[in-house]
Amino acid sequence: MKKYIILAFASLLALSSCESFLDRSPLSDLSPSSYFKDKAEMKNWNAGIYDAFQSALSKRQVLFGDVRSDNVTGTSYEDSKIYMNALMPNISEASWEPFFTCISRCNIGIQMYPTIPNILESEYAPYIGQCYAMRAYLYFWGTRTWGKMPIVTEPWDGALNTISIPRSSLEQVKEQILSDIEKAIGYFNQSDTSDKLYLGKDAMYALLTEVYMWYNDYQNALTASEHFINHKTLSLSNGEIEWKNIFTNPTGSKEVIFAMAWDYETDGALAGWPQLLGASNTNNGYRMAEPIFNEFIDRLRSEEGTDARFWNTIDTVKVYYKASRVPLTYASYTAGVESVNKCIKYSNIDPEREYDSSNQVYKSYFAVMNTTDSEFSLVMMRMANIMLLRAEALNKLNRGDEALNIVNEIRSRVGYLKDAKEEVSSVNNVNEVESIILQERQLELYGEGYRWFDLMRTGHLIEVMDPIYSARQEAANVTVTGFGDEGTKYWPIYYGEFESNKALVGDQNPPYTER
């Protein structure tokens, strides 16, 4: 499983010029004999954990959760293997290395923090809590993406040729995740973190809600989500300005629970998200799918309010200009193709936007980011996701009326006033209510890494994606197989893992090969 599992202490971390949000400082020669000598070093080690977290999910959040799904369509610059659901074990994004680098650092923190001289449990509690929290979070992402995962909870100082760590069962991974969440909450009960750029107690209840929903444990999911009812500091954003603020200023948003910090001077450009969904200086591979665009048009013309997520997700002002200043319709999707290509969810207002005085409107509104200087904090957990999961759980427990009340709240806060209860034959029709909730999640959480897993979790993946893949394959003039083997809901295990960890041999996700 490569040397990121080995954890030879002296070479585990070699971070350079680290600073900013985590008070990071240069680290080198990190062996147990020379490190963890005082309390301040916990901050530095945790900085390494969050640094590895960036590598694990800064691009793959949306790659795993959006770009294979019906959220997007290609721009002719898409990765055809991903777009056609024809993943191969040599795709670099399938590598476990970034995940286990981060997990390994968590394991060392868990082992070493309590050994720091003269330290009290209350002093290391928030730091060790974050180690357990991050490990649970990455195993949750890992098991949804690859299924079974090797469980590594102890530092490993062996040699390359002695590695032999098999994949644990889905049930064992689930138990590990829940155990880590429980331990994290225990430590956060002693001393919690408050910054939204750190995992804390709120993040653990959000993760607990997600985990229980993934395993269809609706009552426990409902119980976990109760943590956020009448919360002292967290609530849904109210109005389109606050909704946009979720992405342009997540640390100041009352809706954001946890965001991935990013600092240009320390981390460079956050190229992955713009490269996939919208960058001003390159041809991103994916854009908003036409059915989503059309739903927003329906809401715009509904005479039951509008939906501010439309113009805060793509620059509809620019679409209007690219469509030769024709009011937005379904046809604008094609006529304004250049603008629809670019997701501007994380983009601020363009201070140099040009104003058309004759039409009394700007020619564009948002400053689309590029791949060379983009810098923003990716939103990883927020209230809308949790409340919509709560709605799903309520619906599954035959409380559809309450579930649709949540949908109406999610809608009305961004200006769409249609009562979701009018869209179902009965609030007791579980399938119809679920369909409404899933659509609202698709519009609300576009580009945030949820859609593929929503379809997997609810059992709709093949039903939704089979005709879409068939259409893509037909358009590309290749053999039409549709979704293909159900096993391809998971990613393949990267071929290099089998070379490094012999215990994995023969345990590739079918139907993939090991080379």
Side-chain angles (χ1 to χ4, degrees), residues 19-24 50-51 53-54 57-59 61-62 192-203 206 228 231-274 276-280 307-317 342-353 362 364-388 409-410 413-415 443-450:
E19 52 186 330
S20 77
F21 82 103
L22 288 167
D23 298 322
R24 291 178 282 182
Y50 283 90
D51 185 82
F53 166 60
Q54 291 175 334
L57 284 175
S58 62
K59 180 177 181 179
Q61 176 206 31
V62 67
D192 199 3
T193 56
S194 58
D195 196 307
K196 294 177 186 290
L197 301 178
Y198 297 85
L199 288 166
K201 186 175 179 178
D202 292 332
F228 299 97
H231 194 283
K232 291 181 179 179
T233 59
L234 293 168
S235 63
L236 290 171
S237 59
N238 183 23
E240 66 172 283
I241 293 174
E242 286 190 7
W243 191 87
K244 186 65 173 177
N245 192 55
I246 293 169
F247 308 100
T248 57
N249 182 26
T251 57
S253 169
K254 63 185 182 181
E255 179 161 324
V256 173
I257 301 169
F258 174 57
M260 178 189 292
W262 201 271
D263 179 80
Y264 183 82
E265 291 185 3
T266 301
D267 305 308
L270 181 59
W273 196 96
L276 292 169
L277 289 183
S280 60
D307 193 324
R309 294 172 297 194
F310 189 19
W311 51 87
N312 281 310
T313 302
I314 61 172
D315 191 343
T316 56
V317 173
K342 309 294 184 181
C343 180
I344 48 81
K345 211 163 191 178
Y346 286 96
S347 297
N348 282 299
I349 293 173
D350 183 0
E352 299 179 358
R353 61 196 185 279
Y362 288 103
S364 65
Y365 202 70
F366 292 105
V368 181
M369 295 168 295
N370 63 51
T371 56
T372 56
D373 62 10
S374 57
E375 175 189 17
F376 53 89
S377 299
L378 279 171
V379 175
M380 306 300 294
M381 298 181 183
R382 63 183 178 100
M383 288 288 288
N385 172 48
I386 301 305
M387 297 312 294
L388 286 168
E409 185 178 7
I410 295 290
R413 82 200 216 285
V414 288
L443 301 180
E444 174 71 32
L445 301 169
Y446 176 84
E448 297 179 53
Y450 291 101

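Nothing here was measured: the structure is a model prediction, and the numbers come from that model.
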Donor-acceptor contact below 3.5 Å, side chain [X] vs main chain [Y]:
X      : Y      : value
Glu240 : Ala308 : no
Arg413 : Ser237 : yes
Trp262 : Gly268 : yes
Thr251 : Lys196 : no
Thr313 : Lys345 : no

Quick one: are [X] and [Y] in side-chain contact, heavy atoms under 4.5 Å?
X      : Y      : answer
Leu199 : Met381 : yes
Met380 : Leu57  : yes
Met260 : Gln61  : no
Ile344 : Lys244 : yes
Val317 : Phe366 : no
Tyr446 : Arg309 : no
Tyr450 : Glu444 : no
Val379 : Glu255 : no

**Study point:** Steps toward side-chain contact (heavy atoms from CB on, under 4.5 Å) verdict (Asp267, Asp51)
**Key:** CA-CA 9 Å; Asp267 305 308; Asp51 185 82; 4.2 Å; yes
Between [atom1] of [X] and [atom2] of [Y], what distance do you get to the nearest 0.5 Å?
X      : Y      : atom1 : atom2 : answer
Phe247 : Arg382 : CZ    : CZ    : 4.0 Å
Asn238 : Trp243 : CG    : CH2   : 14.5 Å
Ser253 : Asn245 : OG    : CG    : 5.5 Å
Ile410 : Leu388 : CD1   : CG    : 4.5 Å
Cys343 : Leu276 : SG    : CG    : 11.0 Å
Asp263 : Ser377 : CG    : OG    : 9.0 Å

Residues Val414, Asn312; criterion side-chain contact (heavy atoms from CB on, under 4.5 Å); working and verdict | CA-CA 10 Å; Val414 288; Asn312 281 310; over 6 Å; no
Between Phe53 and Tyr50, what is the ring plane arrangement, given parallel below 30°, perpendicular above 60°, and tilted in between? perpendicular
ask   = Would you call the rings of Phe376 and Tyr346 parallel, tilted or perpendicular, where under 30° means parallel and over 60° means perpendicular?
value = parallel
**Prompt:** Heavy-atom count around Glu409 CD within 6.0 Å, excluding the residue itself: above 12?
**Reply:**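 Count not over threshold, so no.
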Give me the atom names and distance for the closest heavy-atom approach of [X] to [Y].
X      : Y      : answer
Asn370 : Ala279 : CA-CB, 4.2 Å
Ala206 : Ile257 : CB-CD1, 4.0 Å
Ile386 : Phe228 : CG2-CD1, 3.8 Å
Ser374 : Leu270 : OG-O, 2.6 Å
Thr248 : Ser347 : CG2-O, 3.7 Å

- Give the intermediate values and the outcome of side-chain contact (heavy atoms from CB on, under 4.5 Å) for residues His231 and Thr233. CA-CA 6 Å; His231 194 283; Thr233 59; 3.2 Å; yes
Quiz item: When you look at Lys342 and Ser280, which way does the side-chain contact (heavy atoms from CB on, under 4.5 Å) test go after all the steps?
Solution: CA-CA 8 Å; Lys342 309 294 184 181; Ser280 60; over 6 Å; no
